[in-house]
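Structure, as structure tokens:
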Amino acid sequence: MAREAEVRLRGQLSRLRSLPLLRGARLSGELERLQKQLERIVEEPSDEEIWRSVELARNPDRPYALDYVERLLEDWFELHGDRQHGDDAAVVAGLGRFRGRTVVLIGNQKGRDVKERTKRNFGMAYPEGYGKAMRAMELADRHGFPLLTLIDIPGAYPGVTAEQHGQGGAIARSQSLMARLRVPTVACIIGEGGSGGAIATALADRVLMQENAMYTVISPEGCAAILWRDAGEAKKAAAAFKPDAGHCLELGVVDAVVPEPEGGAQTDFDDAARLLGDALAESLEMLDGMSGEELRQQRRVRFRTIGQVSAAP
Amino acid sequence: MAREAEVRLRGQLSRLRSLPLLRGARLSGELERLQKQLERIVEEPSDEEIWRSVELARNPDRPYALDYVERLLEDWFELHGDRQHGDDAAVVAGLGRFRGRTVVLIGNQKGRDVKERTKRNFGMAYPEGYGKAMRAMELADRHGFPLLTLIDIPGAYPGVTAEQHGQGGAIARSQSLMARLRVPTVACIIGEGGSGGAIATALADRVLMQENAMYTVISPEGCAAILWRDAGEAKKAAAAFKPDAGHCLELGVVDAVVPEPEGGAQTDFDDAARLLGDALAESLEMLDGMSGEELRQQRRVRFRTIGQVSAAP
Amino acid sequence: MSERIDVSIEHKHAPPEDGGRPHPNTCPTCGSHYRDDELEANLRVCPQCGHHFPVHARERIRQLTDPDSFSEEASELRSDDPLEFFDLRPYTERLVEAELSTGLGEAMVIGRAAIEDRPCELAVMEFGFMGGSMGRVVGEKFATACESAAERGVPLVSVTASGGARMQEGILSLMQLPKTVCAVEDLHDGGGTLISVMAHPTTAGVLASFASLGDVLVAEPGALLSFTGPRVVQQTTREKLPDDFGLAESNYRHGHVDAIVPRTELRSTVARLLRLFANGA
Amino acid sequence: MSERIDVSIEHKHAPPEDGGRPHPNTCPTCGSHYRDDELEANLRVCPQCGHHFPVHARERIRQLTDPDSFSEEASELRSDDPLEFFDLRPYTERLVEAELSTGLGEAMVIGRAAIEDRPCELAVMEFGFMGGSMGRVVGEKFATACESAAERGVPLVSVTASGGARMQEGILSLMQLPKTVCAVEDLHDGGGTLISVMAHPTTAGVLASFASLGDVLVAEPGALLSFTGPRVVQQTTREKLPDDFGLAESNYRHGHVDAIVPRTELRSTVARLLRLFANGA
Ligand SMILES: [Zn+2]
Ligand SMILES: [Zn+2]
């Protein structure tokens, strides 16, 4: 697979190199990053390296969505509530000015201290949270504001009320709404990209992933409990299903990896924010000038073709 | 005011008479009805007559929405639930074939016996009911099915949970969705058209009213309690705010009055259904051939101009 | 903001007005009493406890807008009496009385304005005019404000304070709900913005129409925002109501408003929203 | 329907199969035991208590469609092993074993069919194939079914039975959620219809994607429809779960499905829906 990815990335590289560098520095930055990512890919990470990225993705000192909001957006105005029956603190949504233009931002939000963690349910969204997110998406669509989503969720909440309020359907409808949006959308996994809770807000035109984030169909512990019949085998499970940024890039699941400060995003919030901001801005720039119809068609093709199997000859 | 209405209706009449009767019998039926309505209007109803229509509108033996569904629609499939947290039995919604075409129907539904009345909360919708209605509207819009609404609601439910689940906003959003629909929509008040609960599903291209229905901004009792400081003065209040079909037609609030069997709809369900069915079919026919954009523009103009005041000279 | 003049707080609970009602400048929450100029200087917020006193439409406009930026529209509109409505007194008499006591032609004032140098359209309700009830003129003025905002490509800011639809105009007052809803839809279709500020009280027909359709919903602290009022709910259901039944705080908790903004921050918040929606208008 | 053969009910609780599991033809609700032909004749519904036994994909298609009307599509698709996944056994081995035991190439069968003379497209899941889990081939087959339905202008009927995404394909299995969602959106944009029939169990990734996006959602009685299963919820929250946690009946009460349709009425219900959506396709 690393082989295929190499071929794909090399193709991308040569295409980028051949482009007249109309937009200057930004695009050439993208080129440089592709080059670096390519270098990283050719050597397979060890099981230990994969586990280290799992630990970093979950590091409680890591910047959360609102830490980035504070550093990247001006005139932030937070939206609250799903207009149905609640305001889910595990999902934040709002309007702000990002490098000169108004955007809508949706993020998963964990808490810093015990009290906030409880209030925010450790970042595990309820259906009310997806409801708030969908409302924010509709606002973005109505006004032509680009949509940014920052994903950092261990997973949907395994609770009775969450089921009674229909979290399966809510996750489906949130994706369905994203598939219909006529505005540029960029998602970035900034910590844990856990399963349905993550994909609910990740059906975007461009999907980025921070260097030390993880993106999984199930938690390593959950996977180990089912397949190894022992949650303690999480490290083995992680090594088997490869949730790290490098592999997600290889598999074509994310479009680019966003660098973090040496040692991880938790070491320098400002620098992490700057790097994330640059990547988001670059992605938005790539989408500039596309019509709403083009955007949504291209977005659907993207997800229609990821990891596509073809008929045996 | 009766004078003005006469002038308006006479204008409508002469316009209809001058039309080449392309669509034949149906349109000439409309003409006949206008003529009859005109005759009725020239004499003002007495306070007693108005009160009699209030009593008839509330007659517990009157046909309810599902009685009409049974008689007018084939292949009825009822939709349930708001996809959020409940299924409100005070609102019914579903798909059926009406005279050869698939339609979506939404109705308020009271109960026949004590048990059903309780289950259906005496026809008083909760926000969950408007949620179900909105879901059905979206389905109609997506598939190009015409929408019929049958209105029979004493009013929104004055309860704590109804407020906590945001019934004000729900009624607003239901109207807002109806204003956006690109399919033909016909509403008919078939009993009590009570206030916000009624208007939630009455923002239609054509609004009809059964002969003995009532359409009010507040119940006569509520009005009397506030303005007369005595709920017992309901008869006076009704006479003052004129909720009967004749006056609603005069005021331009409804487009046509649907005749009922002699003595009221409760005397003959089948005949009442036939008359209602004819009126609905005729209204749909009038809307045939209009594009979605035309429909919604005309619909908005209709509500923009009802009872419009103009600047003093 | 501004230095508070303490002297008037000494006499708590000013003598009731005629008819036994508490004096309008006595804080119903903490009992402090103020001179009119003191309250005005503090945006009619009780300096002691933060209680938000009602604000008349003209004063609200002064509080929110840049000096001399407001230019009223449709001020000539007056309600007539389509139903010849007569309860204990004729509707026409009530209308004249309301105009005399408020100095306003109707329960809503609309016009062009600027807030922190950002142009916008304003639609401000006056609760003093027949309980801020919405009849045909209020509906017409709101629709006109939407159209004016759309024409000029600026956001519309509404400030609501209303008991609901105006009963004296019967079914025609109910028609103001779909009318204002359609006006907001037209505004939105043109890429326009509605910023809805809900003051005490925003209830019934106004809550169930345009006020709830803002792109952003902002409430003042302690404002009653309910379709049905607490008294009617109490009488009908005989349930014990929660202490904050229908208040802005309860609405916020249940997901129905985006923010509760103290009046002292309202101007800057609206200005921020005008900046954010500037390229969306 | 059909005459029931009572004889086999005499011996309640057939001897457990190897490994201590109850016999698949013993009703877990009332304990009645049936021969295979008896169950098949009754659509695998317990004649005694109405319990709905699981139905394999091929049998489901026979139950629903007009004789000989089904024509399979994309049957040649097979999963490969993109992650070279190895838990206690290699993924490739599990795949071969699943194909041997079910006779199917993957956990979904798609194709053209007719129901009561109405043409439609079918997508039916097989729980016996690795718990009906959705990997890349299931996602591809579902998307192909959407496209085939759109091309022919006929509704798509899906029948789901799935434990969720297929872990062995890692993050690529999560990608089947947005993939199938996008396929439904394309179908809808073309005026097409998805009728979603949810059988036991429809959970996790399948519930959180295409299964919930049907124009109409129909569930079988007693089907588990939950994003997270009861065992995990129990372990995590230590709450006492309601007796009907996550079941179709609870979902119906909470507003998440349109109807619970007994299997004996499923064919006629789907046929009715095909008639209703005929001019919408
Ligand atoms: Zn005070
Ligand atoms: Zn049984």
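Quick note on labels: first sequence line is chain A, next is B, and so on, each numbered from 1.
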Could you report the tightest heavy-atom contact between [X] and [Y], atom names first, then the distance?
| X | Y | result |
| --- | --- | --- |
| B:Gly307 | C:Leu172 | CA-CD2, 4.2 Å |
| B:Gln175 | C:Leu177 | OE1-C, 3.3 Å |
| B:Val217 | C:Met167 | CG1-CA, 4.3 Å |
| C:Ser209 | B:Ala172 | O-CB, 3.4 Å |

* Does the distance from a Lys or Arg side-chain N to an Asp or Glu carboxylate O, for B:Arg304 and C:Glu147, drop under 4.0 Å? -> yes
* **Residues C:Asp189, B:Arg300: salt bridge by 4.0 Å N-O rule** => yes
* Structure fact -> Assert top hit (heavy-atom pairs under 4.5 Å, partner chain C, pool B:Ser195, B:Gly196, B:Ala170, B:Ala198) equals B:Ser195
Look at the side chain of [X] and the backbone N and O of [Y], then say whether any donor-acceptor pair between them is shorter than 3.5 Å.
| X | Y | result |
| --- | --- | --- |
| C:Glu169 | B:Phe241 | no |
| B:Lys242 | C:Gly170 | no |
| C:His256 | B:Gln164 | yes |

* To do: For atom CD of B:Gln297, decide whether the heavy atoms of other residues, nucleotides or ligands shown that lie under 6.0 angstrom number more than 12.
  => no
* Asked: Within a radius of less than 6.0 Å around CZ of C:Arg253, do more than 12 heavy atoms belonging to other residues, nucleotides or ligands occur?
  -> yes
Quick one: of [options], who has the most non-hydrogen atom pairs under 4.5 Å with chain B?
| options | result |
| --- | --- |
| C:Ser212, C:Ala165, C:Ala74 | C:Ser212 |
| C:Gly229, C:Gly205, C:Ala208 | C:Ala208 |
| C:Leu241, C:Asp186, C:Thr180, C:Thr237 | C:Asp186 |

Should [X] and [Y] count as side-chain neighbours, where that means a heavy-atom distance under 4.5 Å?
| X | Y | answer |
| --- | --- | --- |
| B:Val301 | C:Cys182 | no |
| B:Ile306 | C:Lys179 | no |
| B:Thr216 | C:Leu174 | no |
| B:Pro243 | C:Ile171 | no |
| B:Ile199 | C:Met175 | yes |

Is [X] close to chain B through its backbone or its side chain, or both, or neither, when contacts mean heavy atoms under 4.5 Å?
| X | result |
| --- | --- |
| C:Thr236 | side chain |
| C:Ala183 | neither |
| C:Leu213 | side chain |
| C:Gln234 | neither |
| C:Val233 | both |
| C:Phe86 | backbone |
| C:Ser75 | neither |
| C:Pro230 | neither |

* Quick one: what part of B:Arg302 sits under 4.5 Å from any heavy atom of chain C, side chain, backbone, both or neither? -> neither
* **Portion of B:His165 that has a non-hydrogen atom of chain C nearer than 4.5 angstrom** => backbone
* **ring-ring contact (aromatic ring centres under 6.0 Å, His included) partners of residues 203-236 of chain C, not counting sequence neighbours, each pair once** => C:Phe142-C:Phe210
* What parts of residues 219-229 of chain B touch chain C if we use heavy atoms and a cut-off under 4.5 Å? -> B:Cys223, B:Ile226, B:Leu227, B:Trp228
* **For chain C, which residues of residues 149-162 of chain B have heavy atoms nearer than 4.5 angstrom** => B:Ala156, B:Tyr157, B:Pro158, B:Gly159, B:Val160
Could you list the donor-acceptor pairs under 3.5 angstrom formed by side chains in residues 177-190 of chain B, with sequence neighbours left out?
unit_1	atom_1	unit_2	atom_2	d
B:Arg180	NH1	B:Ser176	OG	2.8
B:Arg180	NH1	C:Glu185	OE1	3.4
B:Arg180	NH1	C:Glu185	OE2	3.4
B:Arg182	NH1	B:Glu293	OE1	2.5
B:Thr185	OG1	B:Asp205	N	2.9
B:Thr185	OG1	B:Asp205	OD2	3.0
B:Thr185	OG1	B:Arg299	NE	3.4

